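Here the structure comes first, spelled out in structure tokens, and everything after it is commentary.
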Amino acid sequence: MNGKSEAFYCLIGNPVSHSLSPVMHRAAFKAMNLNADYQAFLVHDLKGAVRCIRAHGIHGVSVTIPFKESVIPYLDAVDKDVRHIGAVNTILNQNGKLTGFNTDARGFISALQEITNPRGKRVVILGAGGAARAVAYALIQSGAEVIITNRTQEKAEKLASKFSCAFVPWNNREKMAADILVNTTSVGMYPQVAISPFDGRYLSQFELVVDIIYNPEETRLLKLARQAGAKTLGGIEMFIYQGAEQIRLWTGREPPLEVMRQAVKEALRDGS
Ligand code: ATR
């Protein structure tokens, strides 16, 4: 711990070395003139890590893979979004009471709303993992009509049944008429930058194509979508907005969005 800092924040996950959260949050705290520090902790023992959070009075925590679900039993309370999504990405420590939140859903919608209002729009979601759960929940809350498709169909069916929405077989994904396409799969993520989870020939029908991958900044899918004339939204924006929601929860203050965006973009450019 940095003894000079008034408030201490951290990331727990495994792995954490490539996370951009430390760079983003340190930049935010500095711009907010807060005497706070943020460190990434590689965690092998989750129970022990939560005990440390309590013992050291760490004020706020970001939670990443693989602990977003398994951390829930160690917390004192969770908010409504967490109960629906089944995953925590943020912890707030209020005098020893640990509450779990999920800012991925709100972060996704805030980023999306910079471009379009999803209310009444038909949205195809590629994938049925943890990220898809947060995205589907957020879209349904915002009044969109959601259709799930996933390589492993049972998982698409399960997610669709949880949120009472539709699913289509993975092999039929390009045949669906819709307004927005969201990729939550890892297809196209570094180092597999040359592949796309959706055939470029069927992208021109979409008003907007979203990819939650942020490395590379423009995935193959987004490049094809741009070439097809659709608007595009990359994962950096969702990442920044979910981080901004964390700052709001931890400090009760307005986050310096542009500072956070520049810090993340610079770190991606530097390859750190
Ligand atoms: P996350 O929490 O980031 O969503 P996850 O739960 O591991 O991660 O989910 C990864 C998603 O990417 C899943 O929907 C997965 O499909 P399966 O359920 O069939 O595994 C999808 N995915 C990963 N590699 C894929 C590939 N090569 N083709 C299609 N989908 C893929």
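Hydrogens, waters and symmetry mates are skipped; everything else that's a heavy atom, side chains included, is used. Just so it is clear, the structure is predicted and the values come from calculations on it, not from any experiment. Whatever order the structure lists ligands and atoms in, that order sets their numbers, starting from 1.
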Charged N to carboxylate O under 4.0 angstrom, E217 versus K265? yes
Before we go on, tell me: are the rings of Y74 and F67 under 6.0 Å apart, centre to centre? no
Please test Y241 against E114 for side chain to side chain donor-acceptor pair (under 3.5 Å), starting from the C-alpha separation and ending with a verdict. CA-CA 11 Å; Y241 276 93; E114 293 283 327; 2.7 Å; yes
Using the rule salt bridge (Lys or Arg N to Asp or Glu O under 4.0 Å), only one of K121, R119, R122 pairs with E145; which is it? R122
List, one per line, each side-chain donor-acceptor pair under 3.5 Å for residues 249-259, sequence neighbours excluded.
residue: W250; atom: NE1; partner: I91; partner atom: O; Å: 3.0
residue: T251; atom: OG1; partner: I247; partner atom: O; Å: 2.7
residue: T251; atom: OG1; partner: R253; partner atom: N; Å: 3.0
residue: R253; atom: NH1; partner: M32; partner atom: O; Å: 3.4
residue: R253; atom: NH2; partner: M32; partner atom: O; Å: 3.1
residue: E254; atom: OE2; partner: R248; partner atom: NH2; Å: 2.7
residue: E258; atom: OE1; partner: R261; partner atom: NH1; Å: 2.5
residue: E258; atom: OE2; partner: Q262; partner atom: NE2; Å: 2.6

Is a salt bridge present between D211 and K223, judged by a nitrogen-to-oxygen distance below 4.0 Å? no
Exercise answer, ligand 1 polar atom pairs (N/O) under 3.5 angstrom:
residue: ligand 1; atom: 2 (O); partner: G130; partner atom: N; Å: 3.3
residue: ligand 1; atom: 4 (O); partner: G130; partner atom: N; Å: 3.2
residue: ligand 1; atom: 4 (O); partner: A131; partner atom: N; Å: 3.0
residue: ligand 1; atom: 6 (O); partner: G130; partner atom: N; Å: 3.4
residue: ligand 1; atom: 14 (O); partner: A128; partner atom: N; Å: 3.0
residue: ligand 1; atom: 14 (O); partner: N150; partner atom: OD1; Å: 2.6
residue: ligand 1; atom: 16 (O); partner: N150; partner atom: OD1; Å: 3.3
residue: ligand 1; atom: 18 (O); partner: N150; partner atom: ND2; Å: 2.8
residue: ligand 1; atom: 18 (O); partner: K155; partner atom: NZ; Å: 2.7
residue: ligand 1; atom: 19 (O); partner: R151; partner atom: NE; Å: 3.0
residue: ligand 1; atom: 19 (O); partner: T152; partner atom: N; Å: 3.0
residue: ligand 1; atom: 19 (O); partner: T152; partner atom: OG1; Å: 2.5
residue: ligand 1; atom: 20 (O); partner: R151; partner atom: NH2; Å: 2.9
residue: ligand 1; atom: 27 (N); partner: R151; partner atom: NH1; Å: 3.3

